[in-house]
Amino acid sequence: MHEDLFNTLNPHQKAYINFEIPNVKNGEYMLCAFHLRPGGDLNILQAACETAAESSTGTNFLVNTETPFAREMNALVYKLDLEKSLVWIAYPWRLFDRGGNVQNILTYIVGNVLGMKEVSAIKLLDVWFPPAMLEQYDGPSYTLDDMRKYLDVYDRPILGTIIKPKMGLTSAEYAEACYDFWVGGGDFVKNDEPQANQDFCPYDKMVKHVKEAMDKAVKETGHKKVHSFNVSAADYDTMIERCEMIVNAGFEKGSYAFLIDGTTAGWMAVQTLRRKYPDVFLHFHRAGHGAYTRPENPIGFSVLVLSKFARLAGASGIHTGTAGVGKMAGTPTEDITAATGILKLVSEGHIFHQSWSTVPEKDLDVVKLAQEDEAHHVILEDDSWRGLKKCTPIISGGLNPTLLKPFIDLMGGVDFITTMGAGCHAHPKGTQAGAKALVQACEAYQKGISIEEYSKDRPELAEAIEFFTKKKHVDNLKKEFS
Ligand code: CAP
Ligand code: MG
Ligand code: MG
Ligand code: MG
């Protein structure tokens, strides 16, 4: 197969290819599928082998220090689709740092190779983990199922907001906005991704005021509430200090989550939080991911790949995008594939069929597990040894109550957290009304009634429809005439 291309390979490149691996899914290999275009005067197979070399044991020349064992650790190009410019590479996962380290894997497969001259385009589209490898990684601990239990919220998305303006409120003003959202009926409030210890909103004061606001809202509504605190920081000690401040502020277990800016704070921060606080919802915000994932970006990796590694690392949830419904670039193919890929126990990726069970797929147990999972039954609560728990899609970015049903219809389910910033705080009658409009939009969905119909005697929803539809109309007009 591809004889003509194979004959162009030099001995160095030939050490990183094998179209005859008897069974790539024998458990030895983590599999990657790249969209790849060659650089310089290389052909795609030469570029693919150079990529396999640089992303495993090699460099740009065959070195005299190579040993027969080292050669066994070579990543291997094992499949090629010339038409689509796709390349499949198998990585002996013995290459990776033991002890379940995710940053080490990414340093290999989307490290130097993204900067190599031998490629002009390289995007990791999908990755496949063998069951035996999954055993070595933490996976999520505290999940959406635990949050549902704490909030007593089932059969609908968790309704959340991000406090806006993104920055600039004092801690008291910030907490006031939390209170307004919670008494308006919202479940979940997150810090925005840059919230930290700014002089006008000191961290300790923000935590204290949020606790007061939450206590007040729980008392008045009779419902539990959750706040996701951004614990990203300059260093490990400061991050832990922020976590401990929250843990010791008197919050009930389950009423707080830790948010981490995973792209800018790094995978070590993500895994540190997962290991130090397994009983806290670990909220992965992905600000900065666009540099790698935007659909039009030829170099980087897909939203699905980012999200799969977040599940492997043990994030309880990660933002997976609004599939183009909201303000961020994204498509159903990208964002819904990512969302279902990390939520379910067995799912179809862009290239690979992935089971997150550590029981071999042929085992009837997995089939039963997957069916239970589809039925949204809690199956890995006590017996997570059988697989990696669900990682929650967090759906945010330009959403508002009128867009809830359109997204649910795209997602094909309600097992996610949605956070609407402007979608609540830009409501003409303010945050509480914004929250009420979101709750009403969700009620309408659950009752199978259109929001227009349902808003007839619900002014908050009616005003949201009027305001956000008009705004969208104005935006479209601007686009037309710009
Ligand atoms: C949403 C948001 C989130 C985005 C990130 C923002 O605010 O707070 O950071 O959701 O995008 O700052 O844009 P709005 P993604 O609801 O006001 O847009 O979820 O795609 O990672
Ligand atoms: Mg396990
Ligand atoms: Mg934000
Ligand atoms: Mg069970």
Side-chain angles (χ1 to χ4, degrees), residues 157-169 174 177-178 181 186-196 198 201 227-232 257 259-265 270 282-295 297 300-307 309-310 315-339 342-343 391-404 406-407 410-411 416-427 430-431 434-435 437-438 441 464 467-468 471-472 475:
I158 304 291
L159 303 179
T161 190
I162 311 104
I163 300 303
K164 301 287 179 178
K166 186 174 282 205
M167 196 46 61
L169 298 182
Y174 177 90
C178 294
F181 180 75
D187 308 305
F188 176 96
V189 177
K190 70 177 273 288
N191 277 155
D192 219 333
E193 67 276 4
Q195 185 85 35
Q198 284 83 1
C201 186
H227 188 280
S228 183
F229 290 94
N230 186 359
V231 295
S232 313
L259 183 149
I260 187 74
D261 294 326
T263 304
T264 49
V270 174
L282 180 50
H283 180 161
F284 188 127
H285 193 287
R286 58 181 187 165
H289 72 96
Y292 300 98
T293 63
R294 284 187 70 130
N297 184 339
F301 46 78
S302 66
V303 170
L304 175 66
V305 163
L306 172 63
S307 311
F309 278 106
S316 307
I318 182 170
H319 289 240
T320 49
T322 61
V325 170
K327 73 184 181 189
M328 300 292 193
T331 62
T333 314
E334 265 300 316
D335 299 351
I336 303 299
T337 304
I342 58 172
L343 183 64
C391 179
T392 312
I394 301 171
I395 310 302
S396 181
L399 292 179
N400 65 64
T402 70
L403 299 175
L404 180 66
F407 183 80
L410 271 178
M411 176 76 187
F416 60 87
I417 295 172
T418 182
T419 54
M420 299 186 185
C424 281
H425 308 293
H427 188 288
T431 299
L438 176 52
F467 177 77
F468 289 109
K471 177 164 177 339
K472 191 173 72 178
D475 288 353

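Here the structure is a predicted model, which means the values were calculated and not measured. Remember, it's 1-based here, ligands and their atoms both numbered in the order they're listed.
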*Asks:* Do Leu404 and Met420 make a side-chain contact, defined as non-hydrogen atoms from C-beta onward lying under 4.5 Å apart?
*Replies:*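 Side chain of Leu404 against side chain of Met420, heavy atoms only: contact under 4.5 Å found.
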
*Asks:* For the Mg ion (ligand 3), how many protein N, O or S atoms come closer than 2.8 Å?
*Replies:*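 Every protein N, O or S atom under 2.8 Å from the Mg ion (ligand 3) counted, the figure is 2.
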
*Asks:* So does Pro393 get a backbone contact from the side chain of Thr320, meaning a donor-acceptor N/O pair under 3.5 Å?
*Replies:*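 Answer holds: no.
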
*Asks:* Quick check: does any side chain N or O of Asn400 sit under 3.5 Å from a backbone N or O of Thr402, one acting as donor and the other as acceptor?
*Replies:*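 It does hold such a pair.
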
*Asks:* Can you classify the ring geometry of His227 versus Tyr174 as parallel (below 30°), tilted (30 to 60°) or perpendicular (above 60°)?
*Replies:*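 The arrangement is perpendicular - the two ring planes meet at more than 60°.
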
*Asks:* Check each protein residue for a heavy atom under 4.0 Å from ligand 1 and list those that pass, ordered by chain and number.
*Replies:*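 Under the 4.0 Å cut-off, ligand 1 touches Ile162, Lys164, Lys166, Asp192, Glu193, His285, Arg286, His319, Lys327, Met328, Ser396, Gly397, Gly398, Met420, Gly421, Ala422.
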
*Asks:* My understanding is that only residues two or more places apart in sequence, or in another chain, count here; which of them pass side-chain hydrogen bond (donor to acceptor under 3.5 Å, both in side chains) with Thr431?
*Replies:*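 Expected list: His425.
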
*Asks:* Give the minimum heavy-atom separation between Thr419 and Ser396, together with the two atoms involved.
*Replies:*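 For Thr419 versus Ser396, the nearest heavy atoms are OG1-OG, 2.7 Å.
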
*Asks:* Does the Asn297 side chain pair with the main chain of Ala291, one donor and one acceptor, at a distance under 3.5 Å?
*Replies:*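 A pair under 3.5 Å: yes.
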
*Asks:* Would you please indicate if the ring centroids of Phe181 and Phe188 are separated by under 6.0 Å?
*Replies:*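 No.
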
*Asks:* If the condition is side-chain hydrogen bond (donor to acceptor under 3.5 Å, both in side chains), which residues does Glu193 pass it with, not counting sequence neighbours?
*Replies:*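 Lys166, His285.
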
